[in-house]
Amino acid sequence: MRLLYLGNWALNDGLTQATVLPHIRLLLHAEKLQHLVFVTIERNGQVPQTPSYLVSDKISYEPLVSRNMNLNIFNRILDLKDFRSQIKLLIKKYNIEKVIARGSPAGGLIYSICAKNNIPLYVESFEPHADYMKESGVWGQFDPRFLLEKKWESALKKKATGLIPVAERYKQQLIKEGVKGEKIAVVPCSVNLEKFNYKEDDRIRIRKMLNIPEDAFVGVYVGKFGGYYFNDEAFLLYKKIMDVSDTWILIVSPDPPEQILQKIKEFDLQAERIKITSANHDEVSSYLSAADFGFATIKPSQSKNFLSLIKIGEYWACGLPVIITENVGDDSDFIEEQGIGVKLKNGWKDQSPSFYLNMVAELKEIKDKPRIRSIAEQRRSLNNVVKAYEYFDLL
């Protein structure tokens with residue numbers, strides 16, 4: 001098998017590191033794999049240096065580099081034309097027999113090429129990306145990106161050989177839309193369970209480094225603010241929790257610290273109990289070990305029923321209960337049913353202080369880290385990817 005894997009982000013992006021590279025390593029161990037061409041999309045105009053782990057007789061790394069023009073919409077149009085031309089050349093050069101695209105946008109970029117060349121296409125992490133972006137206010141209803149992405153997703157439902165959504169809810173929705181159930185395999189976003197694990201030494205070290213008391217109760221948020229995540233609402237939630245309890249907040253984010261500090265000031269938060277840092281993906285587990293629960297605060301909307309967050313799996317792998325907004329994929333209801341966190345229902349902003357006091361008390365009572373870890377092992381293991389790849393004859 002000669003396979004092309006098209007990622008949707010830059011090589012050094014956290015999502016590539018966390019969700020794509022583990023799949024690349026799985027594929028490289030497949031006996032039937034003759035050669036793997038791994039493609040990333042680099043939007044900073046620079047060609048990344050090929051890391052040692054992508055140097056092998058069995059793999060070729062081929063980044064697609066954006067022209068990086070200032071006008072975003074024109075840049076994307078030129079990228080679309082350039083990238084498709086380059087992909088056609090790669091398919092011919094390496095005599096590609098099958099393609100895996102990571103995410104709906106990547107699938108949209110390549111599906112017509114696969115159809116024309118009669119190459120089976122499998123789209124993993126297949127989600128209603130266009131609706132996510134519109135409902136979150138990132139794209140407008142008449143934004144060319146929204147219209148194009150909707151067109152792509154419709155085509156993929158009809159023409160892809162296999163779809164790998166991240167939530168059972170979306171599989172059922174796809175079946176309602178006429179997609180045959182046998183061309184769907186559900187795989188929630190997987191976690192590197194070796195990398196993400198609770199370590200007492202990390203807990204002590206990080207708390208000492210950040211001047212967090214050993215006995216402090218700490219909530220951690222990992223990731224960006226805004227987009228389809230809470231921004232102002234996240235800081236409002238921190239305030240409501242901190243006003244009724246001794247909870248500390250640890251923010252591990254790539255966002256500029258000055259923006260976060262501005263929000264802390266704007267919401268009149270007790271800055272001495274908030275710690276801000278950034279970390280590469282290899283370091284995140286250490287910060288999770290320093291916490292007692294995690295925040296998964298996603299803007300509610302209809303399409304969020306169909307997503308899966310990598311951060312939830314990482315929280316679970318480190319034994320953390322989670323505060324999660326409702327209607328987030330399969331996880332919101334599951335967290336509530338299993339008693340491994342709190343589902344933040346619509347209307348939470350208007351609740352009395354006792355609501356938040358009870359929330360903190362409930363989180364403090366959830367102390368069974370091994371049980372939460374076992375849930376990550378069951379629901380977010382790479383074994384689920386293996387099963388899907390085997391189902392579609394990719395391993």
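Keep in mind that the numbers below use all heavy atoms, side chains included, and drop hydrogens, waters and symmetry copies.
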task: Using a 4.5 Å cut-off on heavy atoms from C-beta on, say whether the side chain of Asp331 contacts that of Leu309.
output: no
- prompt: Can Val244 and Phe355 be said to form a side chain to side chain contact (heavy atoms under 4.5 Å, CB included), step by step?
  reply: CA-CA 10 Å; Val244 299; Phe355 172 84; over 6 Å; no
All pairs passing ring-ring contact (aromatic ring centres under 6.0 Å, His included) where residues 298-337 contributes a residue, at least two apart: Tyr170-Phe306, Trp316-Phe334
- prompt: Between Ser289 (side chain) and Lys199 (backbone), is there a donor-acceptor pair under 3.5 Å?
  reply: yes
query: By side chain to side chain donor-acceptor pair (under 3.5 Å), which residues pair with Lys239, not counting sequence neighbours?
result: Asp243
field: Salt-bridge present (Lys364, Asp246; N to O < 4.0 Å)
entry: yes
message: Could you tell me if Lys311 sits above the aromatic ring of Tyr229, with its cationic atom closer than 6.0 Å to the ring centre and no more than 45 degrees from the axis?
response: yes
query: Do you know the tightest heavy-atom contact between Thr277 and Leu250?
result: CG2-CD1, 4.3 Å
query: Are there more than 12 heavy atoms of other residues, nucleotides or ligands under 6.0 Å from atom CD of Gln49?
result: no
Derivation of the ring pair (Phe, Tyr, Trp, His ring centres under 6.0 Å) call for Tyr389 and Tyr122: CA-CA 10 Å; Tyr389 281 178; Tyr122 305 86; 8.8 Å; no
message: Suppose we screen for side chain to side chain donor-acceptor pair (under 3.5 Å). Which residues come up paired with Thr247, at least two apart in sequence or across chains?
response: Ser245
query: Do side-chain atoms of Ser308 reach the backbone of Ala167 as a donor and acceptor pair under 3.5 angstrom?
result: no
- request: Let me know which of Val99, Asp82, Ile110, Val37 forms a side chain to side chain contact (heavy atoms under 4.5 Å, CB included) with Ile87.
  value: Ile110
- request: Output yes when Arg373 and Glu377 qualify as a salt bridge under the 4.0 Å nitrogen-oxygen rule, no when they do not.
  value: yes
query: In terms of side-chain geometry, is the basic nitrogen of Lys32 or Glu97 positioned less than 4.0 Å from the acidic oxygen of its partner?
result: no
message: Whether Arg273 engages the ring of Tyr238 as a cation-pi pair (distance to the six-membered ring centre under 6.0 angstrom, angle to the ring normal within 45°) should be assessed.
response: no
query: Do we see a donor-acceptor contact under 3.5 Å between the side chains of Glu258 and Gln262?
result: no
query: Is the side chain of Arg380 donor-acceptor paired with the backbone N or O of Cys189 at a distance under 3.5 Å, no angle test?
result: yes
message: Under 3.5 Å, is there a donor on one side chain and an acceptor on the other for Glu149 and Tyr132?
response: no
task: Please answer: with hydrophobic residues joined when any side-chain heavy atoms are less than 4.5 Å apart, are Val252 and Val191 in the same cluster?
output: yes
field: Pairwise side-chain contact, Glu62 with Gln86, heavy-atom cut-off 4.5 Å (strictly under)
entry: no
query: For the side chain to side chain contact (heavy atoms under 4.5 Å, CB included) test, which of Leu363, Val322, Asn358 pairs with Val342?
result: Leu363
- line: Closest non-hydrogen atoms of Trp152 and Pro105, given as atom of the first, atom of the second and distance, are CZ3-O, 3.6 Å
message: Do the side chains of Asp13 and Arg43 get close enough for a salt bridge, i.e. N-O under 4.0 angstrom?
response: no
query: Which heavy atom of Leu33 sits nearest a heavy atom of Leu28, and at what distance?
result: CD2-CA, 3.8 Å
- prompt: Can you name the nearest heavy-atom pair linking Pro120 to Thr161, along with the distance?
  reply: CA-OG1, 3.3 Å
query: In the single-linkage hydrophobic clustering (I, L, V, M, F, W, Y; side-chain heavy atoms under 4.5 Å), do Met359 and Leu357 co-cluster?
result: yes
- prompt: Do Phe230 and Phe295 make the cut of ring centroids closer than 6.0 angstrom?
  reply: no
- prompt: Any donor-acceptor pair under 3.5 Å linking the side chain of Lys157 with the backbone of Leu163?
  reply: no
message: Check this for me: Lys58, atom NZ, are more than 12 non-hydrogen atoms of other residues, nucleotides or ligands nearer than 6.0 Å?
response: yes
- request: Apply side chain to side chain contact (heavy atoms under 4.5 Å, CB included) to the pair Ser112 and Arg84, showing each step before the final yes or no.
  value: CA-CA 9 Å; Ser112 61; Arg84 281 183 169 166; 4.2 Å; yes
- request: Taking Ser104 for its side chain and Glu127 for its backbone only, find out whether a donor-acceptor pair lies under 3.5 Å.
  value: yes
Side chain to side chain donor-acceptor pair (under 3.5 Å) partners for Gln141, two or more places apart: none
- prompt: Donor-acceptor pair, Thr16 side chain versus Asn12 backbone, under 3.5 Å?
  reply: no
- request: Determine whether Ile204 and Leu288 fall in the same hydrophobic cluster, where Ile, Leu, Val, Met, Phe, Trp and Tyr are linked whenever their side-chain heavy atoms lie under 4.5 Å apart.
  value: no
field: Test item: Lys265 and Phe235 side chains (from C-beta on) under 4.5 Å apart, heavy atoms
entry: no
Ile298 backbone acceptor or donor facing Thr325 side chain under 3.5 Å: yes
task: Taking the side chain as every heavy atom from C-beta outward, state whether Leu121 and Leu156 have any pair of such atoms under 4.5 Å apart.
output: yes
- request: For Lys171 and Asp330, run salt bridge (Lys or Arg N to Asp or Glu O under 4.0 Å): C-alpha distance rounded to whole Å, both residues' side-chain angles, the deciding distance at 0.1 Å, then the answer.
  value: CA-CA 11 Å; Lys171 176 181 178 178; Asp330 299 329; over 6 Å; no
Donor-acceptor under 3.5 Å (Gln351 side chain, Tyr356 main chain): no
task: Tell me whether Val328 is reachable from Val186 by hopping between hydrophobic residues (I, L, V, M, F, W, Y) whose side-chain heavy atoms are closer than 4.5 Å.
output: no
task: For Ala234 and Thr297, work out which heavy atoms get closest and say how close.
output: CB-OG1, 4.4 Å
- request: Find out whether Leu237 and Leu344 are in side-chain contact, i.e. whether some heavy atom of one side chain is under 4.5 Å from a heavy atom of the other.
  value: yes
- prompt: So do Thr40 and Leu64 actually touch side chain to side chain, heavy atoms under 4.5 Å?
  reply: no
- prompt: If you measure from the Lys or Arg side-chain nitrogens to the Asp or Glu carboxylate oxygens, is any gap between Lys263 and Glu266 under 4.0 Å?
  reply: yes
query: More than 12 non-hydrogen atoms from neighbouring residues, nucleotides or ligands closer than 6.0 Å to NZ on Lys387, yes or no?
result: no
message: Show, in sequence, the C-alpha distance, side-chain angles and deciding distance for His129 and Tyr228, and conclude whether the ring pair (Phe, Tyr, Trp, His ring centres under 6.0 Å) test is met.
response: CA-CA 11 Å; His129 181 74; Tyr228 54 72; 7.8 Å; no
query: Hey, mind stepping through Ile164 and Phe126 against side chain to side chain contact (heavy atoms under 4.5 Å, CB included) and telling me if it holds?
result: CA-CA 6 Å; Ile164 308 177; Phe126 182 71; 5.9 Å; no
- request: State plainly whether one hydrophobic cluster holds both Leu89 and Ile41, where clusters connect Ile, Leu, Val, Met, Phe, Trp and Tyr through side-chain heavy atoms under 4.5 angstrom apart.
  value: no
query: Ignoring hydrogens and geometry, is there a side-chain-to-backbone donor-acceptor pair from Ser285 to Lys195 under 3.5 Å?
result: yes
query: With side chains defined as the heavy atoms from C-beta onward, is the minimum distance between Leu11 and Phe38 less than 4.5 Å?
result: yes
field: Asp292: partners by salt bridge (Lys or Arg N to Asp or Glu O under 4.0 Å), with sequence neighbours left out
entry: Arg203, Arg207
statement: Contacts of Ser60 meeting side-chain contact (heavy atoms from CB on, under 4.5 Å) (sequence neighbours excluded), chain-then-number -> His35, Tyr94
- request: Could you tell me whether a side-chain N or O of Lys275 sits under 3.5 Å from a main-chain N or O of Leu210, the two making a donor and an acceptor?
  value: yes
task: For residues Ile96 and Ile119, report the shortest heavy-atom separation together with the two atoms involved.
output: O-CD1, 3.7 Å
